[in-house]
Amino acid sequence: SWLFLSSSFSSAIACCPCNGMQLQFLLYAGLSKCTDDFIANAKKGMTVNIHGPFGDCTLNEMQPAPIVLISSDTGFATTKSIIEHAIALDWPHAVRLYRQFQELPGQYMNNYCRSWAEALDDYAYMDFNAVTTNHMMQQLQKESQLIDSANFYVAGAQQWFNATLLALTQLGIAEQRIYSSVDDNT
């Protein structure tokens, strides 16, 4: 069966992109009418047309370096995809996930985030519930070696993203080391 929506919506891949036959997406109810319509009408076995991928927020395999992932709310799908890709590649560098909860209730998949420590040698997960971006950046500053060497992946809603990008550049992180995904559905 097919589901036709009055308009389209975007959603980031939430799994390693290396397996195109089993793609995962995280869809959040209550953020947009289009997403709500899709969730309400989706059925098992239904055909869904996907166009993409778009954007630059994918793991940069050509520049192997430590990675720092910073996400808020719906941006978690992007960071989940990058971490699963790093696990599939047996990533030899440090991986840090800074996850901020602002608008979505609860701490979705928190235990899953902690479990990645079993698959990655140098992995740490920090979650921040309704704190300011400045507080999160203060925690990041404690790992000064990462600020000098890591690639940064930032994913979340526009207003949060703008504040986070500004904070990263104020820490002296060059924009060419920052990969981004802005969620336009929130």
- Task: Tell me whether F161 is reachable from L171 by hopping between hydrophobic residues (I, L, V, M, F, W, Y) whose side-chain heavy atoms are closer than 4.5 Å.
- Result: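 Linked within one cluster.
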
- Item | Single-linkage hydrophobic cluster, 4.5 Å side-chain cutoff, L166 and W160 together |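 No, L166 and W160 fall in different hydrophobic clusters.
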
- Query: Taking it one step at a time, do S72 and T164 satisfy side-chain contact (heavy atoms from CB on, under 4.5 Å)?
  - Reply: CA-CA 10 Å; S72 176; T164 302; over 6 Å; no

Might you confirm whether atom [atom1] of [X] has over 12 heavy atoms from other residues, nucleotides or ligands at distances under 6.0 Å?
{"X": "E118", "atom1": "CD", "answer": "no"}
{"X": "E61", "atom1": "CD", "answer": "yes"}
{"X": "D122", "atom1": "CG", "answer": "yes"}
{"X": "Q141", "atom1": "CD", "answer": "yes"}

About how many Å separate [atom2] of [Y] and [atom1] of [X], when rounded to the nearest 0.5 Å?
{"X": "L59", "Y": "I67", "atom1": "CG", "atom2": "CD1", "result": "5.5 Å"}
{"X": "I147", "Y": "L140", "atom1": "CD1", "atom2": "CG", "result": "4.5 Å"}
{"X": "I70", "Y": "S180", "atom1": "CD1", "atom2": "OG", "result": "11.5 Å"}
{"X": "M126", "Y": "Y98", "atom1": "CE", "atom2": "OH", "result": "4.0 Å"}
{"X": "L168", "Y": "M136", "atom1": "CG", "atom2": "CE", "result": "8.0 Å"}
{"X": "I82", "Y": "I87", "atom1": "CD1", "atom2": "CD1", "result": "12.5 Å"}

At their closest point, which heavy atom of [X] faces which heavy atom of [Y], and how far apart are they?
{"X": "L146", "Y": "R96", "result": "CD1-CG, 3.3 Å"}
{"X": "C113", "Y": "F76", "result": "SG-CE1, 3.4 Å"}
{"X": "N60", "Y": "Y153", "result": "N-OH, 3.0 Å"}
{"X": "A167", "Y": "M137", "result": "CB-CG, 3.4 Å"}
{"X": "S149", "Y": "P66", "result": "OG-CG, 3.7 Å"}

If we ignore hydrogens and angles and just use 3.5 Å, is the side chain of [X] paired with the main-chain N or O of [Y] as donor and acceptor?
{"X": "R99", "Y": "L69", "value": "no"}
{"X": "S81", "Y": "A77", "value": "no"}
{"X": "W91", "Y": "P64", "value": "no"}
{"X": "N151", "Y": "Q63", "value": "yes"}

- Message: Working note: V68 + V95, criterion side-chain contact (heavy atoms from CB on, under 4.5 Å); need CA distance, chi angles, decisive distance, verdict.
- Response: CA-CA 6 Å; V68 175; V95 176; over 6 Å; no

- Message: Parallel, tilted or perpendicular: which one describes the rings of Y123 and Y125, with boundaries at 30° and 60°?
- Response: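 Rings of Y123 and Y125: parallel, under 30°.
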
- Dump the intermediate steps for side-chain contact (heavy atoms from CB on, under 4.5 Å) on L165 and V154, then the final yes or no. CA-CA 8 Å; L165 182 60; V154 181; 6.0 Å; no

